[in-house]
Amino acid sequence: MSQEEMLLVTIQAEELHELIKKKLVSAGLEASQADEVANHLVYADLSGIHSHGAVRVEYYAERISKGGVTLHPKMHFEQTGESTGIFHGDNGIGQYVVNEALEPIIDMAKKSGLAVVGISKMSHSGTMAYYLEKVARAGLVGISMCQSDPMVVPFGGRENYFGTNPIGFAAPRSGHEPIVFDMATTIQAWGKILDARSRNQDIPPTWAVDKDGLPTTNPHEVQGLLPIAGPKGYGLMMIVDILAGSLLGLPFGKHVTSMYADLTSPRNLGQLFIIIDPSRFTNADEFAEQINRMVEELHSIEPAEGFESVLYPGERNKLVYLKNQENGIPIPKSIIDYLKSNQVHNDQFGGKGAFA
Ligand code: NAI
């Protein structure tokens, strides 16, 4: 990668949104769907979740062009009980499918106090935080998790089995932005490695292993990711796989489709939402107030040496969001050059292994 390609440029959210939308439309996506995907990716980049922002556009554009996404998905919500259901995504583009599912899910949680809803069959749906923030803004508490392709070595193993299977959580606060905490069950999301590649930066040796199962600092040599906290993260990713995959009758573990192997076929991925109306358990205002108190108490804890302050879990992304909203978003120049080019994609992902 040249020095020029490594450069970061600053771009305003609105401009980035238009560039992403235009590129996805040029790949064949309907404008309304492209608009929603762009909303999602810009939210991720604004929040500093660059692993799930504009860095993904070229891959999406290639998959859309090659037929691996249903362009006009016939989606429907199948209510299977008072508080349960499946939203069938027909393998539409993930961000659009999940966003369309949110309204019936939120409705169900408000009516019955609880909604446990699976999204069945979609392509990659990005950051959990985006959806959960909307859930919390509706006054609800939410948990969401999804499957991703097998890229992680099981604890003690050498071959990949589970995905980076993220879990996110959000809760409303009183008079403040909601709490949103969202993480991959690997030490880092695959997208962070992708981002390190696009920025040509080394990664810490604790993130991933190479083809021999040995720690690597070279993002280009990664052949397996490591779970958080050894066997505990390994257990968490299994829980996600069972709840967001097997529970919905979808492929599990190493049978989950690869992101890059075949861009002409659908991915059949699953995601699960567990949404709770706090007013069914306690006074909702007092609940939101109590979360405020928790945040205040955390903020008042004296920071350890080397730390400026104690943040509540997830706060870092909110702080970055506010800063980027004001000053613009730092994005690798190579990504902006691609977005501004006439090239729909550069045919670089299809047919590759998990670590294309
Ligand atoms: P991360 O490691 O950057 O952060 C994880 C969480 O820790 C965030 O909520 C962050 O705000 C919080 N955090 C970090 N430092 C903090 C601090 N000093 N104080 C308080 N809180 C702090 O995130 P990770 O694990 O790299 O995941 C990134 C994104 O990737 C997530 O949004 C996740 O949903 C997404 N993802 C999506 C996948 C998919 O297939 N759709 C697969 C894997 C991840």
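For the numbers below, each heavy atom of this structure counts, side chains included, while hydrogens, waters and symmetry mates do not. In this text the structure is predicted, and so the values were computed from the model without any measurement. One-based numbering, in listed order, for ligands and for the atoms of each.
Distances below 4.0 Å separate heavy atoms of H124 from the following atoms of ligand 1: 39 (C), 40 (O), 41 (N). Residue-ligand proximity, P166 to ligand 1, at heavy-atom distances under 4.0 Å covers atoms 33 (C), 34 (O), 36 (N), 37 (C), 38 (C), 42 (C), 43 (C), 44 (C). Shown in contact with M183 at under 4.0 Å from a heavy atom are these atoms of ligand 1, numbered in order with element: 5 (C), 25 (O). Short contacts between ligand 1 and R316, defined as distances under 4.0 Å to a heavy atom of the residue, involve ligand atoms 3 (O), 14 (C), 15 (N). For ligand 1, the atoms lying closer than 4.0 Å to a non-hydrogen atom of P313 are 20 (C), 21 (N). Atom numbering of ligand 1 starts at 1 in the shown order; those under 4.0 Å from a heavy atom of M128 are 34 (O). Remark: ligand 1 atoms within the under-4.0 Å shell around heavy atoms of C146 are 39 (C), 40 (O), 41 (N). With ligand atoms numbered from 1 in the order given, ligand 1 contributes 40 (O) to contacts under 4.0 Å with heavy atoms of S148.
Nearest protein neighbour of atom 41 (N) of ligand 1, counting heavy atoms only, is G126 O, 2.8 Å. Closest to atom 37 (C) of ligand 1, if we only count protein heavy atoms, is H52 NE2, 3.1 Å. In this structure, the protein non-hydrogen atom closest to atom 21 (N) of ligand 1 is G314 N, 3.2 Å. The single protein non-hydrogen atom nearest to atom 7 (O) of ligand 1 is F181 CE1, 3.3 Å, given as residue, atom name and distance. For atom 17 (C) of ligand 1, the nearest non-hydrogen atom of the protein is L311 CD1, 4.3 Å. Atom 4 (O) of ligand 1 has as its closest protein heavy atom D182 O, 4.0 Å. Counting only heavy atoms of the protein, atom 43 (C) of ligand 1 lies nearest to T164 OG1, 3.2 Å. Ranking the protein heavy atoms by distance from atom 26 (O) of ligand 1 puts K192 NZ, 2.8 Å first.
Aromatic ring centres of H255 and F252 lie closer together than 6.0 Å. Under the 6.0 Å cut-off for aromatic ring centres, Y60 and H345 do not qualify, their centroids lying 6.0 Å or more apart.
Under 4.0 Å from ligand 1, heavy atoms of A184 appear from its side chain as well as its backbone. Only the backbone of Y312 comes within contact range of ligand 1, with a heavy atom under 4.0 Å; no side-chain atom does. Contacts with ligand 1 closer than 4.0 Å are made by side-chain heavy atoms of I49 only, the backbone lying farther away.
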Side-chain atoms of residues 293-302: list all donor-acceptor pairs with protein atoms under 3.5 Å, sequence neighbours left out, distances to 0.1 Å.
| from | atom 1 | to | atom 2 | distance (Å) |
| --- | --- | --- | --- | --- |
| H299 | NE2 | E315 | OE1 | 2.7 |
| H299 | NE2 | E315 | OE2 | 3.1 |
| S300 | OG | E297 | O | 2.8 |

Derivation and outcome, side chain to side chain donor-acceptor pair (under 3.5 Å), residues S279 and D277: CA-CA 5 Å; S279 71; D277 180 353; 2.9 Å; yes
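Salt bridge R137/E133: present, at least one basic N to carboxylate O contact under 4.0 Å.
Looking at heavy atoms from C-beta onward, Y59 lies in side-chain contact with L263 at the 4.5 angstrom threshold.
The number of heavy atoms from other shown groups lying within 6.0 Å of NZ (K21) is above 12. Counted within 6.0 Å of CD on E103, heavy atoms from surrounding residues, nucleotides or ligands total 12 or fewer; the atom is thus considered open. Surrounding CD of E159 are at most 12 heavy atoms belonging to other residues, nucleotides or ligands under 6.0 Å away. In E78, the CD atom is crowded: over 12 heavy atoms of neighbouring residues, nucleotides or ligands sit closer than 6.0 Å. By the 6.0 Å contact criterion, CD on E100 is enclosed, its count of non-hydrogen atoms from other residues, nucleotides or ligands being greater than 12. By the 6.0 Å contact criterion, NZ on K22 is open, its count of non-hydrogen atoms from other residues, nucleotides or ligands being 12 or less.
Between T127 and ligand 1, at least one pair of N/O atoms sits closer than 3.5 Å. Polar contact check, S125 against ligand 1: no nitrogen or oxygen pair lies under 3.5 Å apart. Some N or O of Q188 is nearer than 3.5 Å to an N or O of ligand 1, by distance alone. For ligand 1, none of its N or O atoms has an N or O atom of S51 under 3.5 Å away.
If you run salt bridge (charged side-chain N to carboxylate O under 4.0 Å, His left out) between R267 and each of D149, D90, D262, only D149 comes through.
No donor-acceptor distance shorter than 3.5 angstrom exists from the side chain of S123 to the backbone of N91, with no hydrogens or angles considered.
Within the 4.0 Å heavy-atom shell around ligand 1 one does not find A129.
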